[in-house]
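See structure below.
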There are 2 protein chains.
Amino acid sequence: MSAGQRRDATKRAPTASERIVEAARALFVEAGETAVTMRAVAARAKVSPMAAYRHFESREALMHAVMERGHDDFLRRMHHALAAPGPGERLAATGRAYLDFALENPRDYALMFMQSVAGDPCAGAPAWRDAATFRFLVDRIAECTAAGLMPPGDPELLALSLWAHIHGLVSLYLAQKLALDEAAFRALCDRVLTLAWRPEATFPPDAAGIA
Amino acid sequence: MSAGQRRDATKRAPTASERIVEAARALFVEAGETAVTMRAVAARAKVSPMAAYRHFESREALMHAVMERGHDDFLRRMHHALAAPGPGERLAATGRAYLDFALENPRDYALMFMQSVAGDPCAGAPAWRDAATFRFLVDRIAECTAAGLMPPGDPELLALSLWAHIHGLVSLYLAQKLALDEAAFRALCDRVLTLAWRPEATFPPDAAGIA
DNA sequence: GGTTGATGTTTACGTTGTAAACAACACATG
DNA sequence: CATGTGTTGTTTACAACGTAAACATCAACC
């Protein structure tokens, strides 16, 4: 898994590391990235400013831990979609879970998916394409294809196309490029998502061309 | 040329403001947002550190000016697509111009379109939906619809859908979420864009559903 | 015991954004 | 002409930041 190793997070008192990440996350969610200063985090975690450096190499590493917690939450949320009865409903629920997470945790979403990277492309952390959440989406699509709910095609490519479409809408909305309030935005997304899990419409729209 | 300094009437010397934005832009493009410090900008513009504050209220305002220069360049680039002979070709060229700009100016693109905003949604600058570049895309699509190159539908909604799709791909690529090098990424985008300007394919893919 | 390593602290340094006070100069108005 | 008055530049100063360095505490193991 991630940074934390041996812990039964069920009942023990939180470790200093956990308190520090928790403090950073709280500050981040409440007031954004610039509010996450090492001093503020330390104060909130009730340690001295330099204590955080015993657990995280730098502020950047701490923010990375916050991001990973976001990904954990995100994946957990997606997995709720498995409760739906059929493949089509599961894909639909996955899309809804994606949207809900992004709108309820806009800063986390931005940290996880909208951070441009300074260095050359294909350098940083493992691409999300290989991550559990993307695999989950691919599985949902493959499931639909297998059930004959959508035209056959490389499920990875289909997932990428669908993901890009939804992420494009979400990230433009979060970057405030759309003159829409949340309700109008959800309505817009609903149309796209409805197409996404309604095989009788030509979905995935570009399946014929891409696959 | 003699010792006498020659003044080109058409091309006067840049003002201090212009030099400062130019310096900020250069630093930003070369080394990213963190490299754009007021002191570094001032040094590059050959003024004292505080001089920039006579022209920009804050560092944030200066970055905003850099962003606006990016939007100017972007719009100019898009307008080259008008040289193409027909509506279909113009829409295709518009998509290519979008992609080219993003890949050639990744930091500018991220500054312009991938910046999440702290405040509540629908608060900041005028939404891009109202901006000239989006209008341009809407016009290209309306043009195609009028020419019978694609099924009728609200061109604004169609443009939004197409924009989101492309922007989703681009921004995920720039955020390094895709395990693709630039060539592979371009190939992927080409398939989507081909569908976008090829009316005989079902484009825009979700036109029937959205419109 | 004593040594060691993990964890915490205090102190200090260099860099940042920017407020404040001051200087040079253009220019309109007496 | 002198005299404000506004624009543009400067120097100086300060608080907040990330973090290096040195030191303190304390449990675990020879």
Side-chain angles (χ1 to χ4, degrees), chain A residues 2-9 12-68 107 111 115-119 124, chain B residues 5 7 12-68 107 111 115-119 124:
Chain A
S2 47
Q5 298 98 336
R6 62 275 177 200
R7 58 161 162 236
D8 269 317
R12 322 167 326 283
T15 69
S17 279
E18 288 165 344
R19 265 166 33 228
I20 288 166
V21 179
E22 188 50 48
R25 183 175 177 77
L27 285 166
F28 175 66
V29 167
E30 289 166 16
E33 168 127 35
T34 63
V36 186
T37 71
M38 295 305 264
R39 285 166 168 90
V41 167
R44 187 144 182 162
K46 307 242 196 263
V47 291
S48 77
M50 288 300 290
Y53 286 93
R54 295 294 168 192
H55 306 272
F56 301 93
E57 212 181 41
S58 62
R59 192 194 100 108
E60 198 185 344
L62 175 57
M63 287 308 298
H64 189 83
V66 170
M67 188 190 75
E68 279 184 343
R107 284 202 244 252
L111 183 66
Q115 201 89 308
S116 120
V117 181
Chain B
Q5 141 184 56
R7 274 245 175 117
R12 84 240 179 280
T15 70
S17 278
E18 288 165 344
R19 266 165 33 227
I20 287 166
V21 180
E22 188 50 49
R25 183 176 176 78
L27 286 165
F28 175 66
V29 167
E30 288 165 16
E33 168 127 36
T34 63
V36 185
T37 70
M38 295 305 264
R39 285 167 169 89
V41 167
R44 188 143 180 163
K46 307 243 197 263
V47 292
S48 79
M50 287 301 290
Y53 286 93
R54 295 294 167 192
H55 306 271
F56 302 94
E57 212 180 43
S58 61
R59 192 195 100 108
E60 200 185 344
L62 176 55
M63 288 307 297
H64 189 85
V66 171
M67 189 189 76
E68 279 184 342
R107 284 201 245 253
L111 183 67
Q115 202 90 306
S116 120
V117 181

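Just so it is clear, the values below take in all heavy atoms, side chains as well, and ignore hydrogens, waters and symmetry mates. Here is how names work: the chains are called A, B, and so on, in the same order as the sequence lines, proteins then strands, and each is numbered from 1. Every value quoted in this text rests on a predicted model; they were computed, and no experiment measured them.
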Expressed in angstrom and rounded to an integer, what is the separation of [X] atom [atom1] from [N] atom [atom2]?
| X | N | atom1 | atom2 | answer |
| --- | --- | --- | --- | --- |
| A:Glu33 | D:dC17 | CD | P | 14 Å |
| B:Met38 | C:dT16 | CE | P | 12 Å |
| A:Arg54 | C:dG5 | CZ | P | 14 Å |
| B:Ile20 | D:dT8 | CD1 | P | 11 Å |
| A:Tyr53 | C:dT11 | OH | C1' | 15 Å |

Inter-residue atom distance [X].[atom1] - [Y].[atom2], 0.5 Å rounding:
| X | Y | atom1 | atom2 | result |
| --- | --- | --- | --- | --- |
| B:Gln115 | A:Gln115 | CD | CD | 9.0 Å |
| A:His64 | A:Glu68 | NE2 | CD | 4.0 Å |
| B:Glu33 | B:Leu111 | CD | CG | 6.5 Å |

| field | Over all atoms of both residues, closest heavy-atom pair of A:Val66 and A:Val21 | value | CG2-O, 4.3 Å
| task | Over all heavy atoms of both residues, which pair between B:Val29 and B:Arg107 is shortest? Give the atoms and the distance, please. | result | O-NE, 3.2 Å
| remark: Residues passing the salt bridge (Lys or Arg N to Asp or Glu O under 4.0 Å) test with A:Glu22, sequence neighbours excluded, are A:Arg69
| task | Just jot down the salt bridge (Lys or Arg N to Asp or Glu O under 4.0 Å) partners of B:Arg25, sequence neighbours excluded, or say none. | result | B:Asp73, B:Asp108
| task | Using heavy atoms and a sub-4.0 Å distance, could you list which residues of residues 44-52 of chain A are near DNA chain C? By number, please. | result | A:Val47, A:Ser48, A:Met50, A:Ala51
| remark: Residues of residues 55-63 of chain B with a heavy atom under 4.0 Å from any atom of DNA chain C, listed by number, are B:Ser58, B:Arg59
| query | Among C:dG17, D:dG18, D:dC23, which nucleotide sits nearest the side chain of A:Thr37? | reply | D:dG18
Side-chain donor-acceptor contacts of residues 38-57 of chain B below 3.5 Å, not counting sequence neighbours, with atom names and distances?
from	atom 1	to	atom 2	distance (Å)
B:Arg44	NH1	B:Glu30	OE1	3.3
B:Arg44	NH2	B:Glu30	OE2	3.0
B:His55	ND1	B:Ser17	OG	2.6

| Touch check for B:Val41, heavy atoms < 4.0 angstrom, all strands: base, sugar-phosphate only, or nothing? | nothing
